[in-house]
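Below is one structure; the comments refer to it alone.
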Amino acid sequence: MAKTIKEILIAATQALAGGDSPQIDAELLLAHCLQRGREYLRTHPDSAPEAGSLDQFQTLLRRRQEGEPVAYLLGYKDFWDIRLEVNSEVLIPRPETELLIEAALEIPGNAGALSVLDLGTGSGAIALALANNRPHWQVLGVDISEGALALARRNAARLELKNVILAKGDWCQGLEAKSFDLVLANPPYVAANDNHLLQGDLRFEPQLALVAEEDGYADLFAIIESATAVLKEDAWLLLEHGYEQHASLAEKLVSVGYRDVEVRHDLAGHERVTQARWVG
Ligand code: GLN
């Protein structure tokens, strides 16, 4: 007899045991293959999926057992209030990064038509979430990866955002001087020898988006220095970083001439975002 949704989920959850979230993963993958929302699984526990959907599900389940991130298997990830297409060219948007959005929306002087720069935009998560929430802001997202840019542009087009431009770029190089009210980045900040790179989703994500030289600080420091050229007077820099990096970043920011350095904590209680004002 054909298996029911309930039976399939029990078996799949067991197959994924040992992972971080076996039941949710199984539900997300099955709902995806049935082209339904996750709630459908609860309201139709006794219905039996067609063979085609079930084959597709078994394939995704096997890939998940091998460790492939759920977001890459589904092809999307929800971030803030938008859904983003993702693939292995980009970092999977994380809940921690929503802290950058929160900080940006609360930045002093945020009522005007701000000019905003997102460095290393990847899927476009930060640039597009801000553009979507502040239609009167003008947002530029840059990335050095052509693959990431192509994806970010598809995301912008699907969200029908008119106030965002996505361009190829190497941090602040070649950008107009003193032209931004707000610069944000979630740059690579993991040290090359960090064991986390060998665990979970990170094994499948682009090293370009994760790993930085100088113990994880090279890109954060490069941004702190080069952003001084593109920030307007009294404009803000917001950086996501590793949970032990705030103190070194604060020291660097002050030595370069930034003021009002403040840190924000993520939901796990870790220092995760540092903001600072460029006095010009
Ligand atoms: N927060 C990510 C992680 O360690 C790293 C993201 C990044 O390097 N920007 O899971």
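Counting convention: from 1, in listed order, for ligands and their atoms alike.
Set against the non-hydrogen atoms of Asn186, the atoms of ligand 1 under 4.0 Å away are 7 (C), 9 (N). For ligand 1 and Pro187, the ligand atoms under 4.0 Å from any heavy atom of the residue are 7 (C), 8 (O), 9 (N). Near Glu240, with a cut-off below 4.0 Å to any heavy atom, the atoms of ligand 1 are 1 (N).
No more than 12 heavy atoms of other residues, nucleotides or ligands sit less than 6.0 Å from atom CD of Gln35.
Using a 3.5 Å distance cut-off with no hydrogens or angles, the side chains of Gln138 and Ser115 do not pair a donor with an acceptor. Side-chain N/O atoms of Trp171 and Asp219 include a donor and acceptor closer than 3.5 Å.
With a 4.0 Å heavy-atom cut-off, ligand 1 is reached by no atom of Ala212. Only the side chain of Leu202 comes within contact range of ligand 1, with a heavy atom under 4.0 Å; no backbone atom does. When non-hydrogen atoms are compared, ligand 1 lies under 4.0 Å from neither the backbone nor the side chain of His196.
Under a 4.0 Å N-O distance rule, the pair Lys252/Glu225 qualifies as a salt bridge. Salt-bridge check for Glu68 with Arg62: failed, with every basic side-chain N at 4.0 Å or more from each acidic carboxylate O. A salt bridge links Glu205 with Arg94: the closest approach of a Lys/Arg side-chain nitrogen to an acidic carboxylate oxygen falls below 4.0 angstrom.
Heavy-atom separations between Arg94 and ligand 1 include at least one value shorter than 4.0 Å. The closest approach between any non-hydrogen atom of Gly216 and ligand 1 is not below 4.0 Å.
The protein atom (non-hydrogen) at minimum distance from atom 1 (N) of ligand 1 is Tyr189 OH, 2.8 Å.
Of the listed residues (Leu237, Leu114, Val116, Val230), just one forms a side-chain contact (heavy atoms from CB on, under 4.5 Å) with Phe180, and that residue is Val230.
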